[in-house]
Amino acid sequence: MAENIEAVLHNYWGFDEFLPLQREAMECVCGGRDSIVVLPTGGGKSLCFQAPALLLPHLTLVVSPLISLMKDQIDSLLECGVSAGRLDSTMSNPERNEVFESLRTRRLKLLYVSPERLLIPGFLDFLKGHGISSVAIDEAHCVSMWGHDFRPEYRQLSILREALPGIPIGAYTATATEQVRRDIAGQLRLDHPEILVGGFDRPNLIYRVRRRVNALKQIRELLDRHRGESGIIYCIRRADVDEMARALSSHGYRVAPYHAGMTDDDRKKSQDAFIEEEVDIIAATVAFGMGIDKSNVRYVIHAAMPKSLEHYQQESGRAGRDGLEAECHLFYSGADYLIWKRILEESEEQGAEIGIAKLGQMYRYCAGVTCRHNAILGYFGQQPAGQNCRACDICLGEVEGVADALTVAQKILSSVIRQGERFGADYTAGVLIGSREDRILANHHDQLSTYALLKDSSRSTVRDWIDQLTEQGCVERVGEYAVLRVTDKGRRMLKGQEQALLLEAAKKKLPKPVIEKDSWAGVDRELFEQLRRLRRKLAQQNSVPAYIVFSDATLRDLARKRPLVPAAFLGVSGIGMKKLEQYGEEVLSEIRRYCGAKADEI
Ligand code: ADP
């Protein structure tokens with residue numbers, strides 16, 4: 001059987017290797033065993049049930065919570081030459097009849113349905129009559145109240161186990177907590193399920209955190225590094241989204257807004273424009289993202305700090321599903337903390353205190369001085385990924401240790417004390433850099449011995465250091481105005497009894513991260529751009545999103561291997577028989593033309 005799976009993977013998807021745990025997950029399905037598969041976003045969960053579907057005699061039934069997710073997966077399957085369909089409430093009668101017809105004639109390998117549809121009396125019996133070989137429950141954390149997207153209908157899927165004896169049920173999710181996993185097994189009454197839990201880390205995501213000084217300028221610098229690539233910018237409030245979209249459009253960026261204050265119609269237009277790559281950027285609140293499977297999101301920018309690391313992990317996780325490097329860049333400021341705190345305190349919801357504690361952890365992550373990957377893994381109770389992830393601002397050396405950190409820390413702590421522990425971080429930074437602003441002069445703080453002691457540093461650098469000292473427990477922020485107070489640890493540091501570590505942005509120009517260099521190694525950039533344009537044309541002709549025609553990984557491999565004949569085309573990662581048949585000729589002639597023109601130049 002294993003060999004067959006490999007052949008299926010090669011012929012239909014054009015992949016020659018399994019991603020971690022894919023083989024094991026597929027073997028469960030083929031071997032008739034129940035399973036719970038927990039893989040991170042981009043871990044290749046869908047293939048775990050899609051590839052076996054081609055080896056099993058009857059239908060694979062897929063339960064999925066969102067129509068957009070179903071559509072996306074079905075588009076991809078059809079593009080690979082796999083017969084798949086769906087039944088949902090938005091379909092017309094003729095469309096539905098067509099699916100029923102292909103069920104009757106047993107042409108369909110995979111059928112996607114919502115839980116509501118599956119629970120319609122008689123529907124499951126009808127499907128059983130046509131033969132079911134396996135069941136996949138996608139986004140299975142929806143079963144659990146402990147998960148973040150609880151869907152009551154998912155609980156009723158417990159009927160499946162009894163109704164379909166001997167048929168393997170696989171539950172797939174990216175939500176890793178033990179509690180959710182147990183809940184899934186219990187609620188779905190799975191029979192001694194094989195539990196496969198993949199590493200939670202996303203090594204292809206490059207995490208960076210910077211203090212926000214001039215948001216638009218900082219964001220534009222980043223966008224200019226990612227010209228023509230797809231990305232998401234998350235903002236806290238609807239007004240921030242509108243403002244961001246307006247400002248970026250006025251500078252010529254192709255951007256659409258998305259938030260809950262827009263009409264359903266306008267939101268859909270924005271989402272479609274992003275998926276179909278009519279715009280590069282979507283500026284959005286947290287309302288955007290659920291059900292978006294776009295694999296080639298190359299960056300996720302947070303224009304402000306999210307309210308928890310759970311949110312950050314989920315939102316930033318929308319980048320780089322195709323496994324290629326993607327940048328997750330977070331801009332934060334103390335103001336974000338205060339905005340969220342107010343929102344949480346004013347919300348009617350229970351648990352504002354838990355929310356504020358999570359907010360504090362989020363802030364500490366921003367001000368943190370340890371590997372970002374490990375900080376996130378640690379937060380979710382997972383083992384660190386290693387010493388040096390080579391994919392975050394800290395491990396890449398984009399920030400470096402301040403040479404005389406203890407002296408600098410002592411200057412800051414001493415100023416906090418001399419100011420009577422009655423002022424916040426921004427004010428303290430002002431005193432230390434020797435600002436002439438009115439409030440400092442009015443308080444005669446220009447007379448303090450700590451005034452202008454750090455005059456060679458910028459205000460935002462000093463603010464950063466204060467944050468780092470807060471994160472390290474040397475100062476704390478108290479009260480409504482987040483006034484700084486020196487802790488016991490801070491007092492020991494003042495006496496030189498504690499070590500100090502402070503970081504600042506590296507002054508030297510740094511090389512690109514290794515993962516970025518590796519994934520571009522050998523790629524002919526000019527050809528890549530040409531093929532990208534061709535991909536857009538093919539996508540429009542076939543009314544599917546560009547990333548479904550070819551993933552970015554496939555496009556790079558094409559521009560690396562430059563195949564000129566069909567056999568070589570099939571050797572490109574992500575090219576199976578159907579893609580050869582459908583696009584081979586056009587792509588090959590484009591590459592031939594390109595190579596011919598290059599040869600003429602020589
Ligand atoms: P998930 O549902 O876990 O987020 P997907 O199933 O959407 O992940 O897969 C993520 C990406 O990885 C897709 O672009 C898919 O084509 C690709 N992929 C899946 N399996 C493999 C494989 N064995 N080799 C190479 N790429 C793969």
Side-chain angles (χ1 to χ4, degrees), residues 2 5-27 29 35-54 62 64-66 68-82 84 110 112 136-142 170-176 196-205 230 275 289-298 313-314 316-326 519 535 544-557 571-576 578-579:
I5 294 181
E6 271 159 21
V8 162
L9 207 64
H10 178 79
N11 293 338
Y12 287 86
W13 279 273
F15 298 143
D16 289 325
E17 280 168 34
F18 294 97
L19 296 178
L21 296 181
Q22 268 184 336
R23 179 197 285 273
E24 291 81 349
M26 291 178 194
E27 281 170 1
V29 179
S35 57
I36 297 179
V37 180
V38 185
L39 287 175
T41 308
K45 284 183 285 300
S46 33
L47 247 69
C48 296
F49 54 85
Q50 290 170 346
L54 290 161
V62 186
S64 175
L66 281 178
S68 59
L69 287 178
M70 294 189 204
K71 276 189 182 155
D72 203 81
Q73 291 204 13
I74 292 169
D75 279 349
S76 294
L77 285 166
L78 296 176
E79 283 283 305
C80 292
V82 181
L110 292 112
Y112 284 69
I137 302 193
D138 210 3
E139 311 289 340
H141 56 273
C142 293
Y172 304 86
T173 177
T175 307
L196 300 167
V197 183
F200 196 61
D201 191 31
R202 306 270 314 273
N204 61 317
L205 300 188
S230 293
I275 289 178
M290 175 70 173
I292 303 292
D293 248 355
K294 186 169 161 56
S295 69
N296 63 340
V297 173
R298 295 266 69 85
Q313 194 256 348
Q314 201 173 43
S316 61
R318 296 194 171 117
R321 293 179 80 107
D322 51 15
L324 296 176
E325 79 286 344
S519 72
R535 173 174 74 172
V544 286
Y547 63 91
I548 284 183
V549 173
F550 298 125
S551 71
D552 276 15
T554 299
L555 213 58
R556 285 190 203 178
D557 212 29
V572 169
S573 169
I575 303 285
K578 177 77 194 293
K579 302 250 185 215

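Note that ligands are numbered from 1 as they come in the structure, with each ligand's atoms numbered from 1 the same way. All heavy atoms count here, side chains included; hydrogens, waters and symmetry mates do not.
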On a heavy-atom basis, the closest approach of Thr173 and His141 is OG1-ND1, 2.8 Å

Short N/O distance, under 3.5 Å, between Leu9 and ligand 1?
-> no

Proximal atoms of ligand 1 relative to Leu47 (non-hydrogen, under 4.0 Å) = 20 (N)

Only heavy atoms count here, so choose which of Gly44, Ala174, Ser551, Pro40 is nearest to atom 8 (O) of ligand 1.
-> Gly44

If you measure from each heavy atom of Leu19 to ligand 1, is any distance below 4.0 Å?
-> yes

Can you pull out the closest protein heavy atom to atom 20 (N) of ligand 1? Residue, atom name and distance to 0.1 Å, please.
-> Gln22 NE2, 2.9 Å

Look at the side chain of Arg202 and the backbone N and O of Pro40, then say whether any donor-acceptor pair between them is shorter than 3.5 Å.
-> no

Identify the closest protein heavy atom to atom 11 (C) of ligand 1: which residue and atom is it, and at what distance?
-> Arg321 O, 3.3 Å

For residues Asp138 and Phe49, determine if any side-chain heavy atom of one lies less than 4.5 Å from a side-chain heavy atom of the other.
-> yes

May I ask you to check whether Glu17 has an N/O atom sitting below 3.5 Å from an N/O atom of ligand 1?
-> yes

salt_bridge(Arg535, Asp552) N-O dist < 4.0 Å | yes

Nearest heavy atom to atom 5 (P) of ligand 1: which of Gly323, Gly43, Ser76, Ser46 does it belong to?
-> Ser46

Could you check if a side-chain atom of Pro545 sits within less than 4.5 angstrom of a side-chain atom of Lys294, using non-hydrogen atoms only?
-> no

Side chain to side chain, Lys579 and Phe550, heavy atoms closer than 4.5 Å | yes

In terms of residue, atom name and distance, what is the protein heavy atom nearest to atom 27 (C) of ligand 1?
-> Phe15 CE1, 3.3 Å

Polar proximity ligand 1 side, Asp322 side, N/O cut 3.5 Å exclusive | no

Side chain proximity check, Gln50 to Tyr12, heavy atoms < 4.5 angstrom | no

Is any heavy atom of the protein nearer than 4.0 Å to atom 25 (C) of ligand 1?
-> yes

Heavy-atom check, side chain of Phe15 versus side chain of Val8, under 4.5 Å | no

